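See structure below.
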Amino acid sequence: MSSYSIAENFNKYFKIKFANSKTLRQEAFKIRYGVYSRELGWEPENELEMETDEYDDHSYHCLLEHRRTEVFAGCIRLIIPPVQNPTLQLPFEANCLDSARKEVLDPSSLERGSFSEISRLAVLDSFRRRNKEKSVPFVLTEANPETMYSEEERRNFPNIAIGLYLGGLALANLCNHKGMFVMMEPRLNKRLQRFGLPFEQVGDVVDYHGMRAMFYLDKNKFNSELSDELLALYKIIYKDLTEQISLVPFTDNTDK
C-alpha cells in the first residue's frame with residue numbers, strides 16, 4: 001500500500017469546500033444544528049434548524065462534501081477578530097481566559113489578529129463509523145439507494161474529522177496566522193498528537209461543554225510533524241482551498 005494511500009483514497013471520496021456563500025454557510029449551520037442542538041443538546045432548538053452564534057460573521061467556514069452523493073458530511077470554522085473590531089474576544093477568551101497557564105503562554109501578550117480559534121467541528125451522524133455497523137450500509141434516506149455508502153467509502157469515514165482539522169489549519173496558514181487556539185478534551189489532544197498535530201496545553205481543564213482545556217498550535221508546527229500520508233492530504237486540502245479562495249475576496253465574509 002502506498003504511503004500516500006490515505007490522501008488518495010480520501011480525495012477520491014471527499015472534497016473540501018470553502019463556504020464562500022450564504023447558502024454554503026447555511027449548510028454548515030444545519031450540520032451544527034443536528035449535532036450541537038439535536039444530538040448533544042448543547043444549544044437550543046429553533047424553527048430554522050440552524051445553529052449560529054455571534055462569531056459566525058467573522059469566521060471562515062469549511063465543509064467536507066461526499067463527492068458521489070454531494071452530501072455535506074461535516075463542517076468546521078476558523079474564527080478571527082474582524083478587521084473592523086480587532087479587539088473583539090474570541091470564544092476561548094470570552095469564556096475560558098481565567099484558566100490560562102500564563103507561565104506557558106499568555107494569550108494577552110499575542111498581537112491581535114495574529115491568531116485564530118478552531119471551533120464548531122461537527123460530523124453528521126450518518127458519516128460516523130460504529131463497530132456494530134461495520135457490515136451495515138450507512139443510509140441517509142431509506143428510499144434513496146444513492147445515499148447508501150459502500151464498505152470502501154466507509155473506510156474513509158474515520159478520517160473525516162482529521163480532514164476538517166487540516167482544513168482549519170490550511171485556512172489559518174492562508175491567513176498567515178502565527179498560531180491557533182482550540183478548546184478540547186485532553187484525550188482528543190492525545191489523538192491529534194498521534195496524527196502529528198502537537199497542540200500544547202496552555203490552560204487548565206474547565207467545564208466548558210464538557211471538561212476541556214485551552215490548547216495552542218504554533219504556525220511552525222501546523223504541518224511540520226504530520227506523517228507523510230497526512231502531509232499529502234494536507235497539501236491536497238491546502239491547494240483546493242487556495243484555488244477556491246482565489247475566486248472570492250478572502251477578507252469579505254458577507255454576501256453582496
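Because the structure is predicted, anything quoted here is derived from the model rather than measured.
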>> So if I apply the side-chain contact (heavy atoms from CB on, under 4.5 Å) rule between V182 and each of L188, L197, I118, which one comes out positive?
In response: I118
> Does the salt bridge (Lys or Arg N to Asp or Glu O under 4.0 Å) test come out yes or no for D56 and R32, once each step is laid out?
Replying inline: CA-CA 12 Å; D56 287 318; R32 283 163 42 179; 2.8 Å; yes
> Under the criterion ring pair (Phe, Tyr, Trp, His ring centres under 6.0 Å), which of F18, F29, Y55 is the partner of H61?
Replying inline: F29
>> For H209 and E43: C-alpha separation, side-chain torsions, deciding distance, then whether side chain to side chain contact (heavy atoms under 4.5 Å, CB included) applies.
In response: CA-CA 10 Å; H209 295 314; E43 302 295 342; 4.0 Å; yes
> Got a donor-acceptor contact below 3.5 angstrom from the E185 side chain to the M211 backbone?
Replying inline: no
> Backbone N or O of G203 within a donor-acceptor pair of the Q201 side chain at under 3.5 Å?
Replying inline: yes
>> Assess the residue pair M184 and L192 against the criterion (side chain to side chain contact (heavy atoms under 4.5 Å, CB included)); give the C-alpha distance rounded to whole Å, side-chain angles, the decisive distance to 0.1 Å, and a yes or no.
In response: CA-CA 11 Å; M184 63 181 166; L192 293 178; 3.7 Å; yes
> What is the ring orientation for F127 with H66, classed by angle as parallel under 30°, tilted 30 to 60°, or perpendicular over 60°?
Replying inline: tilted
>> Could you report the tightest heavy-atom contact between A122 and L164, atom names first, then the distance?
In response: O-CD1, 4.0 Å
> When you look at K239 and E243, which way does the salt bridge (Lys or Arg N to Asp or Glu O under 4.0 Å) test go after all the steps?
Replying inline: CA-CA 6 Å; K239 179 176 180 293; E243 291 175 352; 2.6 Å; yes
> Any chance CG of D207 has more than 12 other-residue heavy atoms, nucleotides or ligands included, within less than 6.0 Å?
Replying inline: yes
> Going through the distances and angles, do K17 and F72 end up as a side chain to side chain contact (heavy atoms under 4.5 Å, CB included)?
Replying inline: CA-CA 9 Å; K17 292 287 290 266; F72 292 113; 4.2 Å; yes
> Can you check whether P91's main-chain N or O pairs, donor with acceptor, with N95's side chain at less than 3.5 Å?
Replying inline: yes
>> Please say yes or no: joined through hydrophobic side-chain contacts below 4.5 Å, possibly via intermediate residues, are F215 and F195 part of one cluster?
In response: yes
> Measuring from I79:CD1 to D53:CG, what's the distance to the nearest 0.5 Å?
Replying inline: 6.5 Å
> Should E200 and K221 count as an ion pair when the cut-off is N to O under 4.0 Å?
Replying inline: no
>> Please report the interatomic distance CG(D218) to CE(M180), rounded to the nearest 0.5 Å.
In response: 10.5 Å
>> Between R112 (side chain only) and L88 (backbone N and O only), is there a donor and an acceptor less than 3.5 Å apart?
In response: yes
> Within the side chain of E27, is there an N or O that forms a donor-acceptor pair under 3.5 Å with the backbone of A19?
Replying inline: no
> Between I236 and I76, is there a shared hydrophobic cluster once you connect ILVMFWY residues whose side-chain heavy atoms come closer than 4.5 Å?
Replying inline: no
> Where do F157 and F14 land on the side chain to side chain contact (heavy atoms under 4.5 Å, CB included) test, with the steps shown first?
Replying inline: CA-CA 10 Å; F157 286 4; F14 292 98; 3.8 Å; yes
>> Quick check: is V123 connected to M183 through a chain of hydrophobic side chains (ILVMFWY, heavy atoms under 4.5 Å apart)?
In response: no
>> Let me check something: do L64 and Y238 share a hydrophobic cluster, defined by ILVMFWY side-chain heavy atoms less than 4.5 Å apart, either directly or through other members?
In response: yes
> Checking Y33 side chain against N46 main chain: does a donor-acceptor pair fall under 3.5 Å?
Replying inline: yes
